[in-house]
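This report concerns only the one structure given below.
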Amino acid sequence: MSAGQDIPDDHPAQCAACHAPGEHLSPVEPGLDTGGISLLACDRCGSVTMWPQPDKDYTAHAGSETELRDYVEMNCSIHDITKAVMPAVMATGAKRYLDVGCGFGFSLDIVRRLAGCDVVGIEPAHYGRAGRDLLGVPVLPDVLSGPPGARTPPELSRPFDVIFASEVIEHVSDPGAFLETLSAYLAPDGMLALTTPRAAAVTEAHTRNEKLAVISPGAHVFLYSAAAFEAALRQAGFPHVVVIESGVTQMAYAARVPFSFPEISPGALTTQYLQSALETDTPREPVSTVLQCRLYRSLIEQAQWEAASSLDRDIEIRMAPQDINFADYDAFLAKFRASEPSLSYLRGILYLVHERRRVDAHHWFMSSFRLCCAKLQIAPSVCAVEADMVWRALFHAALSARHSGDRELAARTWRIAEERAGADFLPDISEELRERADRELKLSGG
Ligand SMILES: [Zn+2]
Ligand SMILES: [Zn+2]
């Protein structure tokens, strides 16, 4: 065992998840710099306790305009929120909905519009205030400090049918008490819907940024194993629990009464939500434009070509010039939206697949490629989508050229990938995309 893997001298007295005594904890190596934070896995429940334990004041989190724009324009997934909350809302026939740690408050707007629920959000960070002003959703700038009592705000005084808390519990030093607090606000036949990063993700093969988000050194107190997550919910008085693991995260639904989920289509519900939001004037600029862009994405991803074509005429997407360079992400956002690399790509898809405007499609894919490169260079930590899209954009640019009969341009375009993949800040080309390029571009031979 190397020195770095020793149990810290002042090791924690117990597992933060199951309270097993300290001797059940042993260090795990995530394979990246955690800034002096030790990760201790529990041999009894499989959860990971961080040491030293962070002590962060979330009410003081100022957050920058850049972070907020990145979140709202790009990296907050409305599709994933819809997929997480709507099964619980529909299974319970919810009338009242609470989101604890609601961020900008998209879930509130989704549930309010799709299910007609009375909604409330709680968010101490500035995202909450921004969402309240721009999305027009009720957000209390606070934390949920304890069970309902004399000082409980009137908005929280009646029980809720669904309580959602996404990526919150891993920030809490006493998760058992947190679950009991949530339980105290829940109607007898209500449902908790919670997400939290998976402990196992720490030692699995994921990208560096994904792992860093899972560990969040200095912010996360512990990470639940799926078994410990389920056990904690049972312990808090919920005999009916389902935990669904997916990638680096896990989603739990918990109730005191048996439940079953209706079949839903998250993609169709997302489109429905965005269309409904855009029919009213509550989402204020710049959010209404953001939602319009997200609707465009949703329609193209679901191959609703006619609707996408008609929206295409209203959407202003900026084409990137040949040479672009930005000092930092602020400078990028001064010229482009956070989602502009994706929007350029989607317009390329629409033109190539549906409108058969292959020359235009080529230009939009090239624009997407240049914007992906620029963003990957200055802001890699927010570029999970772009890291995957950069070579697909170039491939589709080459494919558009090939379909328009310009084999020379197709070859020249794909050569950029051969030359630059894996160099500097650019990722490698996936094996799957290489094979596709061989098969569909047909650049070698006759
Ligand atoms: Zn444990
Ligand atoms: Zn977190």
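Counting starts at 1 for both ligands and their atoms, in listed order. Side-chain atoms are counted along with the backbone in the values below, which use heavy atoms only and exclude waters and symmetry mates.
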(Q) Taking 2.8 Å as the cut-off, does His24 contribute an N, O or S atom near the Zn ion (ligand 1), distance below it? (A) no
Q.
Below 2.8 Å, can you find an N, O or S atom of Cys42 next to the Zn ion (ligand 1)?
A. yes
Q.
Using a strict threshold of under 4.0 Å (side-chain N to carboxylate O), is an ion pair present between Arg337 and Glu73?
A. no
Q.
Taking Ile81's backbone N and O only, do any of them form a donor-acceptor pair with Ser107's side chain (distance below 3.5 Å, no angle check)?
A. no
Q. Any idea which heavy atoms bring Pro217 and Leu212 closest together, and the distance?
A. CD-O, 4.1 Å
Q. Taking the Zn ion (ligand 2) as the center, what protein N, O or S atoms are found at less than 2.8 Å?
A. His171 NE2, His220 NE2
(Q) Closer than 4.0 angstrom, basic N to acidic O: yes or no for Asp109 and Arg112? (A) yes
Q | Vertex the Zn ion (ligand 1), arms to Cys18 SG and Cys15 SG, rounded to 10° | A | 110°
**Q.** Side-chain donor/acceptor of Glu170 to backbone N/O of Ser216, under 3.5 Å
**A.** no
Q) To the nearest 0.5 Å, what is the distance between CD1 (Ile110) and CD (Gln272)? A) 11.5 Å
Q | Donor + acceptor pair across side chains of Ser166, Thr195 (<3.5 Å) | A | yes
